*Asks:* 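Before anything else, here's the structure in question.
It should be emphasised that the depicted structure is a prediction, and the values quoted were computed from it without experimental measurement. Note: hydrogens, waters and symmetry copies are ignored here, and every other heavy atom, side chains too, is used.
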Amino acid sequence: MAILSSLRRRSAAISVAAVAGATAVGVCLAVSSASAGTLSGSLYRDPSSAVVRWVAANPGDSRTAVIRDKIASQPQARWFANFNPSTVQSEVSGFIGAANAAQQIPVLAVYEITNRDCGGASAGGAPDLNQYQTWVSNFARGLGNQTVIIILETDSLALLTCLSTAEINARNQAISTATRTVKSGNPNAKVYLDGGHSTWNSAGETANRLRAAGVQYADGFFTNVSNYNSTSSEANFGRAVISSLNGMGISGKRQVIDTSRNGGASGDWCGDDNTDRRIGQYPTTNTGDANIDAYLWVKPPGEADGCRFTAGSFQPDLAFSLANGVPNPPTTTPPTTPPPTTTPPTTTPPTTTPPTTPPPNTTPPTGDGCYASIALNQWAGGFTASVTVTAGKSDINGWTVTVALPGGAVTSAWNAQVSGTSGTVGFANVSYNGRVLGRQSTTFGFQGTGTGPGVLADCVTS
């Protein structure tokens, strides 16, 4: 599709899980120290994303460590872009169930509007708007009742050049109805509408389009999806849009920004050929900006734009180019206050017999070394586990945790290298979380089928 250079617009191309790219300015990677906006909590990392599958299948590739540590370890959006009204509810429900079990916030990108991308590289979507509403209703039935983030219809409002006035009005009504349908299906859903990006339509025009499409029913708008504009430019643009909305009597709306590829130089629109691109701000709800609910990776880094490779296909060279040389993801450091040394009061033991399975924790070291504790989320047929590795009184420079899985099997892991899948499974640090200061911690996690671990057999330093 020809790029509309006068608008510096995004030229899109998608598969089930991805869309394409457009114009750019650089941004540095930084992590704010203060949360803001209306969202809080950890974002969900999809254990079946294309990059996670590639890393698992290519452990010996020279690019794997960089891609694993800086891309596969991070939460990214799951795209719903196939017109599948009979199966979409079950697909959404499965994805949401896994995220809820992990007690994390999933990001879902809905890309199904009729006449998608004005018939360009990402043409598709529902055959008509009546069938679109059927699809959305089925989608909403799978959303559960916990917090989810919905990126609703990228480019649907910023790109209207192919539509007549009547078609624009019909699309606006469809998006407004879709927003309310999602909110009815899950009142805790956070819904964001298409705000384009800072080098496309003006802030005033963007606000007008958001109002016409029912942003008053949504939580706000998203910008920079599949784009390269700097986070600072997008934040300034977002503030101008919010100001315009406030002037229309629509208050309380906030922005989310796609930072998946905006950490490098600007250049031509296609990320398939540009080696100056870099991943931007790591995904987080901890933005430090009251106008911004989250920095998200909506466009999965490493998935092609369609000008050189098949649109949406995962390309390890692209992923390595985006991640190479950028800082490692931040690690969570727990409070450094040592545990209390006083003896807790004694209590009367319970009259019921406690379980005989040992608690899934290793023994804390009295001196040097490490120990591990686990938070387990079990459901019928599967589980997720979050493991905290804590150093003894001295710093450690590498660790391995051994897990007994007599009734389960590991299907994916993050922030750790895994050896084995069932029976006795080992997890070792990756490049950025092997060093742990004395009395401090780092975390990793894994997901599996069957039953979770009954005991963490050992934590050793290397």
Side-chain angles (χ1 to χ4, degrees), residues 42 44-45 47 52 55-56 59-60 64-65 68-70 72-75 98 101-104 328-336 338-339 355-379 382-462:
S42 299
Y44 180 59
R45 171 190 172 275
V52 171
V55 165
T64 296
R68 177 194 64 218
D69 294 351
K70 299 176 182 179
S73 66
Q74 298 302 300
Q103 300 180 14
Q104 295 174 330
N328 286 317
T331 57
T332 301
T333 301
T336 58
T356 57
T357 303
N361 303 308
T362 61
T363 303
T366 57
D368 295 332
C370 64
Y371 69 100
S373 60
I374 188 169
L376 182 66
N377 292 289
Q378 182 80 52
W379 64 91
F383 66 90
T384 58
S386 178
V387 182
T388 300
V389 177
T390 302
K393 68 178 182 180
S394 300
D395 301 354
I396 60 175
N397 287 294
W399 49 263
T400 300
V401 174
T402 305
V403 175
L405 276 175
V410 174
T411 57
S412 63
W414 49 96
N415 295 336
Q417 304 175 68
V418 59
S419 301
T421 59
S422 60
T424 301
V425 183
F427 297 88
N429 65 275
V430 291
S431 61
Y432 57 82
N433 63 359
R435 178 170 172 77
V436 183
L437 301 181
R439 304 299 187 191
Q440 298 191 22
S441 303
T442 189
T443 61
F444 71 90
F446 59 98
Q447 182 164 331
T449 57
T451 57
V455 62
L456 294 174
D458 199 10
C459 179
V460 297
T461 58
S462 56

*Asks:* Taking only residues at least two apart or on different chains, which pairs with a member in residues 395-411 satisfy salt bridge (Lys or Arg N to Asp or Glu O under 4.0 Å)?
*Replies:*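 Every pair satisfying salt bridge (Lys or Arg N to Asp or Glu O under 4.0 Å) with a residue in residues 395-411: Asp395-Arg435.
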*Asks:* Taking Arg45 for the side chain and Ala72 for the main chain, is one N or O donor matched with an acceptor at less than 3.5 Å?
*Replies:*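 At least one qualifying donor-acceptor pair exists.
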*Asks:* Who are the ring-ring contact (aromatic ring centres under 6.0 Å, His included) partners of Phe427, not counting sequence neighbours?
*Replies:*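 Scan of Phe427 (ring-ring contact (aromatic ring centres under 6.0 Å, His included), adjacent residues dropped) gives Phe444, Phe446.
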*Asks:* So Gln74 and Pro329, do their side chains get closer than 4.5 Å, heavy atoms only?
*Replies:*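 Touching, per the 4.5 Å side-chain cut-off.
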*Asks:* Roughly how far, to the nearest 0.5 Å, is CZ of Arg439 from NZ of Lys393?
*Replies:*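 That separation rounds to 8.0 Å.
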*Asks:* Rounded to the nearest 0.5 Å, what's the gap from CD on Gln417 to OG1 on Thr400? Could you check?
*Replies:*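 Reported value, rounded in 0.5 Å steps: 9.0 Å.
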*Asks:* Within this structure, what is the CG-CH2 distance for the pair Asp458 and Trp399, rounded to the nearest 0.5 Å?
*Replies:*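 Reported to 0.5 Å precision, the distance equals 13.0 Å.
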*Asks:* Return the set of residues passing side chain to side chain donor-acceptor pair (under 3.5 Å) with Ser394 (not counting sequence neighbours), or none when no residue passes.
*Replies:*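 Once residues adjacent in sequence are excluded, the partners of Ser394 under the side chain to side chain donor-acceptor pair (under 3.5 Å) criterion are Asp368.
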*Asks:* Please give me the minimum heavy-atom distance between Cys370 and Ile396, naming the atom from each residue.
*Replies:*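 Closest approach of Cys370 to Ile396: CB-CD1, 4.0 Å.
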*Asks:* With side chains defined as the heavy atoms from C-beta onward, is the minimum distance between Pro453 and Ile374 less than 4.5 Å?
*Replies:*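 The answer is yes, as the side chains (C-beta and beyond) meet within the 4.5 Å cut-off.
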*Asks:* Indicate yes or no: at least one non-hydrogen side-chain atom of Thr424 is less than 4.5 angstrom from one of Thr402.
*Replies:*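 With C-beta onward as the side chain, the pair touches.
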*Asks:* Output the distance between atom CG (Asp69) and atom OG1 (Thr64), rounded to the nearest 0.5 Å.
*Replies:*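 Output value for this atom pair is 10.0 Å.
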*Asks:* side-chain contact (heavy atoms from CB on, under 4.5 Å) between Cys459 and Val389: does it pass, once the steps are laid out?
*Replies:* CA-CA 8 Å; Cys459 179; Val389 177; 4.0 Å; yes
*Asks:* Kindly give the heavy-atom pair with the smallest separation between Gly408 and Ser422, and that separation in Å.
*Replies:*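 It is O-CB, 3.3 Å.
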*Asks:* Locate the shortest heavy-atom distance separating Ala372 from Val387; write the atom from each residue and the value.
*Replies:*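 Minimum heavy-atom separation between Ala372 and Val387: CB-CG1, 4.1 Å.
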